[in-house]
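Notes follow once the structure below has been shown.
As a basis for the values below, the full set of heavy atoms in this structure was taken, side chains included, without hydrogen atoms, waters or symmetry mates.
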Amino acid sequence: MSNLTASFTYSIGKKLVMGLTGLFLVVFLGTHLAGNLTMFTGPMAFAKYAHFMGSNPLIRVAEIGLFAFLLFHIADGLMLARQNRAARPTRYYKTSGAASSWFSRNMVWSGIVMLVFLILHLISFFLMGRFGVDVPIGDPNYQAYANEPGFVEAFAVYPHETELYIKSIHHFGMWWYTAIYVLAMLFIGFHLNHGFQSSFQTLGLTHPKYNAIIKGTGTFLAVILPAGFAAIPLYFFIESVI
């Protein structure tokens, strides 16, 4: 196989994996959002969800696979961007059309912002949820929610997960953390808007009859998923200041 053919095959293979991992991550975002929205219903529902996620061995194995997919998706994206830049050393003029849209030109930057947010998010919640939570008794959020309906019952059955619930509210009460969270959701929306449609195109699943549906679904997901995630910190932040 010639170097040109090998390079072409390698590039196509990476794009296919990029598309598959991207669609997998969209499914993860949807299920993760469904679980996070239990925060609106009180500590017991969230504690049950967090306990299930932390104690189910299948979920734990899936988490390892998820991180592998995510890291590969990020690394693959950066490598593809580097390849594309090397193949096009001269900066071209911007033209109209999907191929040169703002989303496609800034996928790498939106991915980097998402990576930075992911690291912050993992430190704040995942590591805290898996390896212990320290909630001081004097924490104002602990005192404020100690009398919330279901708190005592949730704490009696799921003390660790209920503390995670309080600690989450504590983070969302900080304006800078909520601002970073909401900003990251905007970038995730930008990333999804182009990435969802691009994944179908890369996998060869586009068709003139269905392209409008794929585009509409991508736009819908790019709005509803980030909006759902952003609504959680915004709600608790507003609640903390009124």
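- Summarising the local packing, OH of Y210 is surrounded by 12 or fewer heavy atoms from other residues, nucleotides or ligands at distances under 6.0 Å.
- Relative ring orientation between H32 and F229 is described as tilted, the plane-to-plane angle lying within the 30° to 60° band.
- Relative ring orientation between F172 and Y177 is described as tilted, the plane-to-plane angle lying within the 30° to 60° band.
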Item to complete: For the pair F151 and I166, evaluate side-chain contact (heavy atoms from CB on, under 4.5 Å) and give the outcome as yes or no after the intermediate values.
Response: CA-CA 10 Å; F151 179 87; I166 299 301; 3.6 Å; yes
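- A tilted orientation is assigned to the rings of H51 and Y158, their planes being inclined by 30° to 60°.
- Note that CE of M53 is 7.0 Å distant from OG1 of T31, once rounded to the nearest 0.5 Å.
- With rounding to the nearest 0.5 Å, the separation of CG in L225 from CE in M185 is 10.0 Å.
- Hydrophobic clustering (ILVMFWY, side-chain heavy atoms < 4.5 Å, transitive): L234 and F187 are in distinct clusters.
- Looking at T178 and V182, their side chains come closer than 4.5 Å, going by heavy atoms from C-beta outward.
- At a threshold of 4.5 Å between side-chain heavy atoms, the hydrophobic network of Ile, Leu, Val, Met, Phe, Trp and Tyr places F52 and V157 in two separate groups.
- Note on ring orientation: taking the six-membered ring where Trp is involved, the planes of Y165 and F236 are perpendicular (angle over 60°, cut-offs 30° and 60°).
- For the residue pair A50 and L164, the shortest heavy atom distance occurs at CB-CD2, 4.5 Å.
- Residues L25 and V223 fall into different hydrophobic clusters, defined by Ile, Leu, Val, Met, Phe, Trp and Tyr side chains chained together at heavy-atom separations under 4.5 Å.
- From L186, atom CG reaches atom OH of Y181 across 12.5 Å, with rounding to the nearest 0.5 Å.
- In this structure the side chain of F46 never reaches within 4.5 angstrom of the side chain of T162, judged on heavy atoms.
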Fill in: T219 vs F196, side-chain contact (heavy atoms from CB on, under 4.5 Å): CA-CA, chis, key distance, verdict
CA-CA 9 Å; T219 301; F196 184 83; over 6 Å; no
Item to complete: Apply side-chain contact (heavy atoms from CB on, under 4.5 Å) to L29 and L192, showing your working.
Response: CA-CA 11 Å; L29 285 175; L192 282 175; 4.2 Å; yes
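- In the hydrophobic clustering of this structure, I238 groups with I169; members are Ile, Leu, Val, Met, Phe, Trp, Tyr whose side-chain heavy atoms approach within less than 4.5 Å, directly or through other members.
- Cluster membership for I180 and I188, using ILVMFWY side-chain heavy atoms within less than 4.5 angstrom, is shared.
- Rounded to the nearest 0.5 angstrom, F237 CZ and W176 CH2 are separated by 12.5 Å.
- Side-chain contact between N36 and Y49 is present, with at least one heavy-atom pair separated by less than 4.5 Å.
- Between S240 and G173, the shortest heavy-atom contact is OG-CA, 3.9 Å.
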Item to complete: Take Y235 and M39, measure what side-chain contact (heavy atoms from CB on, under 4.5 Å) needs, and give me the verdict at the end.
Response: CA-CA 10 Å; Y235 172 82; M39 290 192 69; over 6 Å; no
